[in-house]
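Below is one structure, written out as structure tokens; the observations come after it.
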Amino acid sequence: MKISKAKSFLLMLMGASLLSFSACNLDDLVNDAMSDSTEEESDDATESGSDSLELSQEESKAKLAALAGKQGIEIKSKHKFNDDDEEETWIYGEKDNTIWVITGDSGHAYKKEGDRLLNYSANLDDEGNLVYAYNYSLTSDQLEDQGGVDKLYSDLRDSMNISFYFANAYDGHLTKGDTRTVAGRSCTHYSYSYYATAYGNFATLNYQMDIDKETGITMKAVWKASTNEDSAEFYHEVTSFKTTNVQVPNLPEEE
């Protein structure tokens, strides 16, 4: 299936943004993303906003980890590209030194147990139920080069919850708005817009994002990219944010 230029443009910006894990200069980001284009790029580009987020990404990660260490967290969200694409549900949970992540109908879980890290995979069975299977375990000795079990567990947490930080790549380039509610939680609304050239066409980006006041994660994001030829849209919204009665998945015994 052919991907439209606007969707390709948006995908590249999203990928670069998420991989950055920090604020970035969007003028450089667009130029990098468009570097393969054979068309002459315009020097004209406008970017709106100079506001910063209330919590840095590191502060937000610390708050999530603290919540997980108390009674656990489980955050469900829905994601979609354009009206004709299928909506997908994502789940991120952490409790009792266990992380589980589900994207659509499959996922993984990681359990820290003493000086070992256990790995599990999750898939739907014939009856449509999500079932976990044990894969393997790694010891601190085996993970010495990676900094040990605690370091790898922390790194896995950071990589698994990256979708919570859509807005952080644009920190310092945002326009702060009003207070809104998403999944029953108080959020601050931010917007971002950018105008540049891509594939020889004029391209416009418009992002609307709601950021959780307590934890600093992106609760809702609507990203739109348009050119003079076509357009694309990405949608993310947290639908459930549990901090009580969180249930760790039923993980099997080691084989």
Side-chain angles (χ1 to χ4, degrees), residues 9-33 45-68 73 75-81 90-94 99 101 103 153-183 185-196 204-225 232-239 241 243:
F9 179 49
L10 185 55
L11 280 166
M12 282 188 285
L13 288 179
M14 285 175 58
S17 301
L18 295 179
L19 288 173
S20 70
F21 281 95
S22 62
C24 57
N25 184 307
L26 264 292
D27 188 36
D28 291 341
L29 182 61
V30 171
N31 287 334
D32 290 343
T46 59
E47 182 179 29
S48 68
S50 58
D51 294 331
S52 297
L53 298 169
E54 296 170 6
L55 295 174
S56 70
Q57 190 164 334
E58 291 306 314
E59 290 171 330
S60 175
K61 290 177 182 179
K63 287 183 176 290
L64 276 185
L67 284 176
I73 58 172
I75 302 172
K76 295 183 180 181
S77 56
K78 57 184 179 181
H79 305 257
K80 189 175 183 179
F81 260 116
W90 295 0
I91 299 174
Y92 173 86
E94 183 177 0
I99 296 171
V101 178
T103 55
Y153 184 86
S154 177
D155 289 345
L156 285 168
R157 176 196 288 132
D158 289 346
S159 63
M160 294 299 103
N161 65 24
I162 190 173
S163 64
F164 298 150
Y165 299 107
F166 288 120
N168 291 75
Y170 311 106
D171 198 7
H173 303 276
L174 301 166
T175 299
K176 186 175 181 179
D178 56 359
T179 296
R180 303 188 181 186
T181 301
V182 180
R185 297 180 66 85
S186 181
C187 301
T188 302
H189 184 75
Y190 290 89
S191 61
Y192 174 84
S193 62
Y194 191 82
Y195 179 82
T204 299
L205 303 178
N206 183 281
Y207 301 163
Q208 303 295 322
M209 297 167 285
D210 296 323
I211 310 302
D212 186 56
K213 289 188 176 183
E214 179 186 3
T215 64
I217 72 169
T218 303
M219 295 288 288
K220 184 175 181 179
V222 179
W223 288 16
K224 295 181 179 180
E233 180 175 329
F234 172 74
Y235 181 84
H236 154 88
E237 182 177 1
V238 171
T239 57
F241 193 129
T243 57

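We use all heavy atoms of the structure for the numbers below, so side chains are in, but hydrogens, waters and symmetry mates are not.
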| message | Quick one, Trp90 and Val101 - any side-chain contact, counting heavy atoms below 4.5 Å? | response | no

| message | For the backbone of Leu53 and the side chain of Asp171, can you confirm whether one donor and one acceptor N or O come within less than 3.5 Å of each other? | response | yes

| task | Please tell me if the side chains of Ile73 and Tyr92 come closer than 4.5 Å, counting only heavy atoms from C-beta onward. | result | yes

| What's the spacing between Ile99 CD1 and Met160 CE if we round to 0.5 Å? | 8.0 Å

| About how many Å separate CD of Gln57 and CG of Asn161, when rounded to the nearest 0.5 Å? | 8.5 Å

| field | Stepwise side-chain contact (heavy atoms from CB on, under 4.5 Å) check, Leu64 with Phe164 | value | CA-CA 10 Å; Leu64 276 185; Phe164 298 150; 3.8 Å; yes

| message | Let me confirm one number: the OG-NE2 distance from Ser193 to His173, rounded to the nearest 0.5 Å. | response | 12.5 Å

| request: Taking side-chain contact (heavy atoms from CB on, under 4.5 Å) as the test, write out the residues that go with Leu55, two or more places apart. | output: Glu59, Lys63

| Distance only, no hydrogens: is a donor on one side chain within 3.5 Å (strictly under) of an acceptor on the other, for His189 and Asp178? | no

| message | Run the side-chain contact (heavy atoms from CB on, under 4.5 Å) test against Thr179 and tell me which residues pass, sequence neighbours left out. | response | Ser186, Lys213

| said: Working note: Ser77 + His79, criterion side chain to side chain donor-acceptor pair (under 3.5 Å); need CA distance, chi angles, decisive distance, verdict. | reply: CA-CA 7 Å; Ser77 56; His79 305 257; 2.8 Å; yes

| query | What pairs with Arg185 under side-chain contact (heavy atoms from CB on, under 4.5 Å), at least two apart in sequence or on another chain? | reply | Asp212, Glu214, Thr215, Met219, Phe241

| query | What's the verdict on side-chain contact (heavy atoms from CB on, under 4.5 Å) for Ile211 and Thr218, showing C-alpha distance, side-chain angles and the deciding distance? | reply | CA-CA 5 Å; Ile211 310 302; Thr218 303; 3.6 Å; yes

| said: Centre-to-centre under 6.0 Å for Trp223 and Tyr170, is that the case here? | reply: yes

| field | Atom of Ser52, atom of Gly172 and distance for their closest heavy-atom approach | value | OG-CA, 3.6 Å

| message | Centroid separation under 6.0 Å, is that true for the rings of His236 and Phe166? | response | yes

| message | Here's a test for you: under side chain to side chain donor-acceptor pair (under 3.5 Å), which of Lys176, Arg180, Glu54 qualifies with Thr188? | response | Glu54

| Looking at Lys80 and Glu233, does any basic side-chain N land under 4.0 Å from a carboxylate oxygen? | no

| request: Kindly indicate whether the side chain of Gln208, heavy atoms from C-beta on, has any atom under 4.5 Å from the side chain of Tyr192. | output: no

| query | Any side-chain heavy atom of Ile75 sitting closer than 4.5 Å to one from Ile217? | reply | yes

| Between Tyr194 and Tyr207, is the gap from one ring center to the other below 6.0 Å? | no

| query | Hey, mind stepping through Ser60 and Tyr165 against side-chain contact (heavy atoms from CB on, under 4.5 Å) and telling me if it holds? | reply | CA-CA 9 Å; Ser60 175; Tyr165 299 107; 3.0 Å; yes

| field | pair Thr175-Tyr190: side-chain heavy atoms closer than 4.5 Å | value | no

| message | Using side-chain heavy atoms (C-beta onward) and a distance below 4.5 Å, is Met209 in contact with Leu174? | response | yes

